[in-house]
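FYI, the numbering just counts along the sequence from 1. Only this structure's heavy atoms are used, side chains among them; waters, hydrogens and symmetry mates stay out.
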Amino acid sequence: MGRKIFVSYKYADSEVQQLSGSTYMNPTTVRSYVDQLEEYFDSNDIYRGETDGEDLSHLAEVAIWDRLKDRIYDSSVTIVIISPRMKSSDPEKDQWIAQEISYSLKEMSRNDRVSRSNAVLAVVLPDRYGSYDYYMEGRACCDQGCIDLKTNTLFRILSANMFNKKLDYGNLCGSNSRVYTGEHSYIISVKWGDFVRSPKGFIDRAVAIKENSESYELTKALS
């Protein structure tokens with residue numbers, strides 16, 4: 001693909017659909033899905049929060065953050081994995097995923113090089129029952145139906161960059177629901193099952209949105 005990809009995710013969240021080969025003693029976690037990304041992209045193009053077997057526990061948080069910032073700075077695309085337990089009750093500014101998304105969206109200068117805002121793609125994992133309804137739920141609105149994105153369940157840094165295209169107020173349909181079409185969000189959401197059928201297509205779509213970033217009201221700082 002020729003693009004460096006940073007993956008932001010909640011490593012140990014096991015409230016996801018179990019993959020084949022999982023056992024009670026070795027359950028599927030979000031990391032199990034992240035490992036599968038190497039089947040779709042060159043492993044050298046993927047930066048995860050840590051590489052398999054890499055132990056960062058001995059490092060202070062500031063040292064871990066320095067490593068993560070280096071990996072994000074060297075990437076042009078960020079994939080954020082949406083999972084049922086990705087958030088905790090801690091303040092958003094204290095959680096790695098929120099910090100990683102904020103840094104991904106900022107333009108950073110180092111020496112004579114400027115790293116522009118990354119393209120960001122939200123890939124949604126199925127829950128342990130195989131359902132996406134905890135975040136993406138089909139609804140019988142309008143004639144053709146629609147997908148309800150429960151953005152209130154996400155980090156604000158994510159939800160603020162969805163439905164954020166300038167002067168795009170959606171359309172009301174017969175059910176009095178406001179429906180958005182086209183590229184209405186800087187950060188688009190895709191189900192894992194759809195993503196794995198066309199990973200390059202969805203990455204290209206996110207990059208095309210990034211190249212038209214002036215059309216979106218971007219929120220880059222954590223509140």
Side-chain angles (χ1 to χ4, degrees), residues 1-11 13 30-31 33-34 36-37 40-41 45-49 65 67-84 86-87 92-93 95-109 114-125 132 135-136 147 149-166 168 180 182-196 198-223:
M1 282 188 49
R3 298 189 179 106
K4 296 293 186 182
I5 301 170
F6 181 83
V7 186
S8 181
Y9 62 102
K10 185 65 171 286
Y11 185 109
D13 186 355
V30 174
R31 177 52 187 259
Y33 282 88
V34 173
Q36 288 199 355
L37 291 177
Y40 310 107
F41 306 111
D45 288 342
I46 297 177
Y47 294 106
R48 291 167 289 194
W65 182 230
R67 289 197 184 191
L68 293 175
K69 287 193 295 185
D70 287 345
R71 293 170 180 177
I72 297 170
Y73 180 82
D74 197 40
S75 65
S76 60
V77 177
T78 295
I79 294 177
V80 55
I81 304 294
I82 307 298
S83 62
M86 68 182 294
K87 286 177 60 178
E92 188 162 311
K93 63 182 179 61
Q95 298 187 56
W96 289 118
I97 293 176
Q99 294 180 61
E100 289 163 359
I101 300 307
S102 176
Y103 198 82
S104 294
L105 290 167
K106 294 176 180 177
E107 294 189 352
M108 310 301 298
S109 298
V114 177
S115 177
R116 296 177 56 203
S117 299
N118 277 13
V120 183
L121 176 66
V123 176
V124 187
L125 299 188
Y132 295 92
Y135 171 62
M136 301 179 75
I147 300 293
L149 299 185
K150 300 173 185 177
T151 57
N152 62 308
T153 66
L154 303 178
F155 292 106
R156 183 183 177 279
I157 191 68
L158 287 172
S159 62
N161 288 292
M162 297 175 176
F163 303 103
N164 64 328
K165 191 171 186 180
K166 297 175 182 177
D168 185 353
Y180 296 80
E183 305 296 23
H184 50 71
S185 298
Y186 186 81
I187 301 177
I188 57 176
S189 302
V190 56
K191 296 177 181 179
W192 173 264
D194 294 330
F195 174 74
V196 297
S198 182
K200 183 179 184 300
F202 283 106
I203 292 292
D204 288 346
R205 182 178 164 192
V207 170
I209 291 173
K210 167 190 170 178
E211 292 173 349
N212 190 35
S213 61
E214 68 278 0
S215 297
Y216 298 85
E217 294 285 356
L218 294 184
T219 297
K220 302 182 181 183
L222 296 175
S223 56

For the side-chain contact (heavy atoms from CB on, under 4.5 Å) test, which of Thr153, Leu158, Val123 pairs with Ile82?
->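 Passing option: Leu158.
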
Given the rule in the side-chain contact (heavy atoms from CB on, under 4.5 Å) test, do Ile101 and Phe155 qualify, once you have shown the distances and angles that lead to the verdict?
-> CA-CA 10 Å; Ile101 300 307; Phe155 292 106; over 6 Å; no

From [X] [atom1] over to [Y] [atom2], what is the distance, rounded to the nearest 0.5 angstrom?
X: His184; Y: Ile209; atom1: NE2; atom2: CD1; answer: 8.5 Å
X: Tyr73; Y: Met108; atom1: OH; atom2: CE; answer: 8.5 Å
X: Tyr103; Y: Ser75; atom1: OH; atom2: OG; answer: 10.0 Å
X: Ile203; Y: Ile79; atom1: CD1; atom2: CD1; answer: 4.0 Å
X: Ile157; Y: Ser102; atom1: CD1; atom2: OG; answer: 4.5 Å
X: Lys10; Y: Gln95; atom1: NZ; atom2: CD; answer: 6.5 Å

NZ of Lys150: more than 12 outside heavy atoms within 6.0 angstrom?
->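 Check passes, neighbour count above 12.
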
Within the side chain of [X], is there an N or O that forms a donor-acceptor pair under 3.5 Å with the backbone of [Y]?
X: Lys106; Y: Ala221; value: no
X: Glu92; Y: Arg156; value: yes
X: Gln99; Y: Lys93; value: yes
X: Ser104; Y: Glu100; value: yes
X: Ser117; Y: Leu105; value: yes

Who are the side-chain contact (heavy atoms from CB on, under 4.5 Å) partners of Val196, not counting sequence neighbours?
-> Tyr40, Trp192

Verdict with reasoning, Lys4 to Val77, per side-chain contact (heavy atoms from CB on, under 4.5 Å) = CA-CA 6 Å; Lys4 296 293 186 182; Val77 177; over 6 Å; no

Modelled atom types, side-chain donor and acceptor of Ser189 and Tyr135, under 3.5 Å = yes

Verdict with reasoning, Tyr186 to Leu218, per side-chain contact (heavy atoms from CB on, under 4.5 Å) = CA-CA 8 Å; Tyr186 186 81; Leu218 294 184; 3.4 Å; yes

Taking C-beta and beyond as the side chain, do Ser215 and Glu183 meet within less than 4.5 Å on heavy atoms?
-> no

Compare all side-chain heavy atoms of Phe41 with those of Pro199 and state whether any distance is below 4.5 angstrom.
-> yes

Could you report the tightest heavy-atom contact between [X] and [Y], atom names first, then the distance?
X: Tyr132; Y: Leu125; answer: CE2-C, 3.7 Å
X: Met86; Y: Asp13; answer: N-OD2, 3.7 Å
X: Ala206; Y: Ala119; answer: O-CB, 3.5 Å

Do NZ/NE/NH1/NH2 and the carboxylate oxygens of Arg3 and Asp204 come within less than 4.0 Å?
-> yes

Please step through side-chain contact (heavy atoms from CB on, under 4.5 Å) for the pair Asn161 and Tyr216, ending with a clear verdict.
-> CA-CA 8 Å; Asn161 288 292; Tyr216 298 85; over 6 Å; no

